[in-house]
Amino acid sequence: MNSTSVTEQVNMIKDRKNLLLWYTGDEPDGTFDPLNATTIAYDLINDLDGYHPVSLVLNCFDFEFPSYANGADIVMQDTYPIAINATFSVEWHAPCTPDFGDCGCDDCEGEFEDISTRMDVFAERLDALGETRTKSVW
């Protein structure tokens, strides 16, 4: 969310041969970053370096997905389904329901397959948004 810092960092390494992609946000949906923050960073990076794709990681199952995903070419997910309590957050001392709470993997069953399910759901959302040709899920 610091355009000056982003500009300095992009200009410093954008010409390196070993640069794969830009990573602009680690769970902006979980920290309630402004909804346009990822798009602002995306637009700036593309102005400075239109060659390398821009990526970010989303944490939540479905919190403002279109707004945050709009700021990336590659949308990654951060699912932690193993050894969690899907109904109560020990860290936040609060219950987790489909509408409230952060238990490490919202809307998960606590199984390894939750990871592939989240990947499929994100891909389906991009398809519904008409973004399957411009964005991918990792």
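Side-chain atoms are counted along with the backbone in the values below, which use heavy atoms only and exclude waters and symmetry mates.
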To the nearest 0.5 Å, atom CD of Glu113 lies from atom OG1 of Thr79 at 12.5 Å
Interatomic spacing from CE in Met119 to CD in Glu124 - rounded to 0.5 Å: 12.0 Å
Contacts satisfying ring-ring contact (aromatic ring centres under 6.0 Å, His included) that involve residues 64-84 (not counting sequence neighbours) are Phe65-Phe122
In terms of hydrophobic clustering (I, L, V, M, F, W, Y; side-chain heavy atoms under 4.5 Å; direct or indirect links), are Leu56 and Met1 co-clustered? no
Looking only at side chains, do Glu27 and Thr31 share a donor and an acceptor under 3.5 Å apart? no
Mind jotting down which residue pairs meet the salt bridge (charged side-chain N to carboxylate O under 4.0 Å, His left out) criterion with at least one end in residues 58-86? Sequence neighbours excluded, please. Asp62-Arg125
Side-chain heavy atoms under 4.5 angstrom apart, residues restricted to Ile, Leu, Val, Met, Phe, Trp, Tyr: same cluster for Leu44 and Tyr42? yes
Atom pair CG/OG1 of Asp127 and Thr132 - distance to nearest 0.5 Å: 5.0 Å
Give the minimum heavy-atom separation between Gln77 and Ile115, together with the two atoms involved. NE2-CG2, 3.6 Å
Rounded to the nearest 0.5 Å, how far apart are OG1 of Thr24 and CD1 of Ile45? 5.5 Å
Do Glu8 and Thr4 pass the side-chain contact (heavy atoms from CB on, under 4.5 Å) test, and can you show the C-alpha distance, the side-chain angles, and the key distance before you say yes or no? CA-CA 6 Å; Glu8 290 174 3; Thr4 302; 3.7 Å; yes
Are Val54 and Leu20 linked, directly or through other ILVMFWY residues, by side chains that come within less than 4.5 angstrom of each other? no
Do Tyr23 and Val137 sit in one hydrophobic cluster, given that two such residues count as connected whenever their side-chain heavy atoms are within less than 4.5 Å of each other, even indirectly? no
Measure the spacing between CG of Leu58 and CG of Asp29 and express it to the nearest 0.5 Å. 4.5 Å
Are Trp138 and Leu126 linked, directly or through intermediate hydrophobic residues, by side-chain heavy-atom contacts shorter than 4.5 Å (ILVMFWY only)? no
On a heavy-atom basis, which atom in Leu19 and which in Asp49 lie closest, and how many Å separate them? CD2-OD2, 4.4 Å
With a 4.5 Å heavy-atom cut-off, do Asn70 and Thr38 have their side chains touching? no
Could you walk me through whether Thr134 and Glu131 satisfy the side chain to side chain donor-acceptor pair (under 3.5 Å) test, starting with their C-alpha distance in whole Å, then the side-chain angles of each, then the deciding distance to 0.1 Å, before giving a yes or no? CA-CA 5 Å; Thr134 60; Glu131 299 282 358; 2.5 Å; yes
Correct closest heavy-atom pair for Gln9 and Trp22 would be O-CH2, 4.2 Å
Between Ala72 and Lys135, which heavy-atom pair has the shortest distance, and what is it? O-NZ, 2.5 Å
CG of Asn46 to OG1 of Thr39: how many Å apart, nearest 0.5 Å? 11.0 Å
